[in-house]
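Residue numbers begin at 1 in each chain, while the letters A, B, ... track the order of the sequences.
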Number of protein chains: 2
Amino acid sequence: MKLSKSGEYALRALIFLALRYNKNKDAIVKIQEISLGERIPKKFLESILLKLKKAGILKSSRGTGGGYSLNKAPEEITLAQVIRIIDGPLAPLGCASVTAHVYCPEEKNCGLQKVMKDVRNAISGILDHYTLHDVLLRTSIANEDG
Amino acid sequence: MKLSKSGEYALRALIFLALRYNKNKDAIVKIQEISLGERIPKKFLESILLKLKKAGILKSSRGTGGGYSLNKAPEEITLAQVIRIIDGPLAPLGCASVTAHVYCPEEKNCGLQKVMKDVRNAISGILDHYTLHDVLLRTSIANEDG
DNA sequence: CTTTAATTCTATCGATTAAATAGAGTAATG
DNA sequence: CATTACTCTATTTAATCGATAGAATTAAAG
């Protein structure tokens with residue numbers, strides 16, 4: 001039931017960016033800065049940020065002084081959105097997924113599917129309502145004076 | 001957040017065996033029978049069943065007329081047990097795991113960890129209390145007369 | 001009691017996917 | 001036009017999934 005490395009890195013990078021956003025809405029952060037700060041392989045992080053940009057979560061500017069920043073307020077970005085972009089559906093089984101349902105022949109009659117739908121709903125009940133802002137609230141360093 | 005193929009196959013195979021168990025507590029089922037019935041690659045299934053045996057969930061007998069059967073009643077086997085044996089901890093992140101906690105330096109101060117612990121607890125709240133017996137109850141075919 | 005057939009067990013190899021690295025290409029700044 | 005940093009493509013490495021080959025064990029047949 002683990003989150004992929006990509007998914008984990010995506011969340012950590014976004015939290016990093018959200019922290020900057022809260023200090024200065026227009027802050028631009030280099031990939032390398034995130035990479036060093038969160039100990040994420042730089043080139044790997046690059047591909048993750050690109051996906052998040054294409055999905056509208058981030059915006060970027062190139063050249064000297066370029067970098068990434070949030071394209072929405074932290075309150076508007078849920079953890080579930082991010083995970084779905086990077087890792088796909090939240091459901092443990094394809095046949096229990098709402099966003100990318102995979103048909104299976106014994107569907108009507110599958111006890112396992114029913115349980116896994118319960119699990120999916122429990123997960124999305126948390127992650128669909130949890131935003132980057134909420135994560136920062138639970139991170140004490142975010143509340144310290146700079 | 002997906003379950004691995006191994007994990008899914010393990011659960012399906014055990015449900016298959018639990019169905020037989022309920023008809024006849026001493027029924028012995030061949031790997032091939034499960035493989036055909038659940039469309040699981042036979043040799044791959046073999047390695048999964050072996051792990052479940054070593055973990056005490058299944059017992060086996062070799063030679064002609066041999067095969068596998070449950071080593072406990074379906075009421076005593078939770079889905080969480082099975083997933084932990086095959087796929088490892090339920091937690092989305094190592095640092096949020098109870099059974100195999102991985103230390104991370106910003107632990108005390110990590111909002112992400114706190115959320116993922118909530119998710120872990122939600123998942124285990126369901127899977128630790130859900131047994132093979134419960135799955136069969138939600139599978140209508142299990143209640144038909146043979 | 002020996003052979004044969006059925007079955008689990010062990011070990012390894014190939015294919016596919018995920019994770020990580022490398023480098024060339026493109027755009028912006030000064 | 002040189003530097004900086006994002007963007008893109010390609011390659012390498014590691015993990016997972018699935019397949020293959022054969023040894024070990026048991027039961028039944030002859």
ask   = Is the count of non-hydrogen atoms from other residues, nucleotides or ligands lying under 6.0 Å from B:Q32 atom CD greater than 12?
value =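 No, the 6.0 Å shell around CD holds no more than 12 heavy atoms from other groups.
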inquiry  = So, OP1 or OP2 of D:dG18: does either fall under 4.0 Å of a side-chain N or O from B:Y9?
reply    =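 Yes, such a contact exists.
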query = Does A:S6 have a side-chain nitrogen or oxygen under 4.0 Å from the phosphate oxygens OP1 or OP2 of C:dA19?
reply =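 Looking at the OP1 and OP2 atoms of C:dA19, one of them is under 4.0 Å from a side-chain N or O of A:S6.
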query = Can you tell me how far P of D:dA5 sits from CG of A:L36, to the nearest Å?
reply =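 About 12 Å, once rounded to whole Å.
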query = Rounded to the nearest Å, what distance is computed from the CZ atom of residue B:F44 to the P atom of nucleotide C:dA11?
reply =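 From B:F44 CZ to C:dA11 P: 18 Å.
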inquiry  = Go through it in stages, so that I can follow the logic: the residues are B:R138 and B:Y130, the test is side chain to side chain donor-acceptor pair (under 3.5 Å), and I'd like the CA-CA distance, side-chain angles, deciding distance and then a yes or no.
reply    = CA-CA 11 Å; B:R138 296 186 102 179; B:Y130 228 101; 2.8 Å; yes
ask   = Taking for each residue the nucleotide of DNA chain C bearing the nearest heavy atom, is the 5' side occupied by A:G65 or by A:S4?
value =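 Its nearest nucleotide being more 5', the pick is A:S4.
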Positive for side chain to side chain contact (heavy atoms under 4.5 Å, CB included) with B:V82, one of B:L127, B:D87, B:L52 =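 One option only clears the test, and that one is B:L52.
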What are the atom names and distances for every N/O pair under 3.5 Å that joins the protein to nucleotides 8-10 of chain C?
unit_1: C:dT8; atom_1: OP1; unit_2: B:I31; atom_2: N; d: 2.9
unit_1: C:dC9; atom_1: OP1; unit_2: B:K53; atom_2: NZ; d: 2.7
unit_1: C:dC9; atom_1: OP1; unit_2: B:S60; atom_2: OG; d: 2.7
unit_1: C:dC9; atom_1: OP2; unit_2: B:Y68; atom_2: OH; d: 2.2
unit_1: C:dC9; atom_1: O4'; unit_2: B:R62; atom_2: NH1; d: 2.9
unit_1: C:dC9; atom_1: N4; unit_2: B:K43; atom_2: NZ; d: 2.7
unit_1: C:dC9; atom_1: N4; unit_2: B:E46; atom_2: OE2; d: 2.7

[X] side chain to [Y] backbone, donor-acceptor under 3.5 Å:
{"X": "B:N71", "Y": "B:I57", "answer": "no"}
{"X": "B:H133", "Y": "B:P74", "answer": "no"}
{"X": "B:Q113", "Y": "B:A96", "answer": "no"}

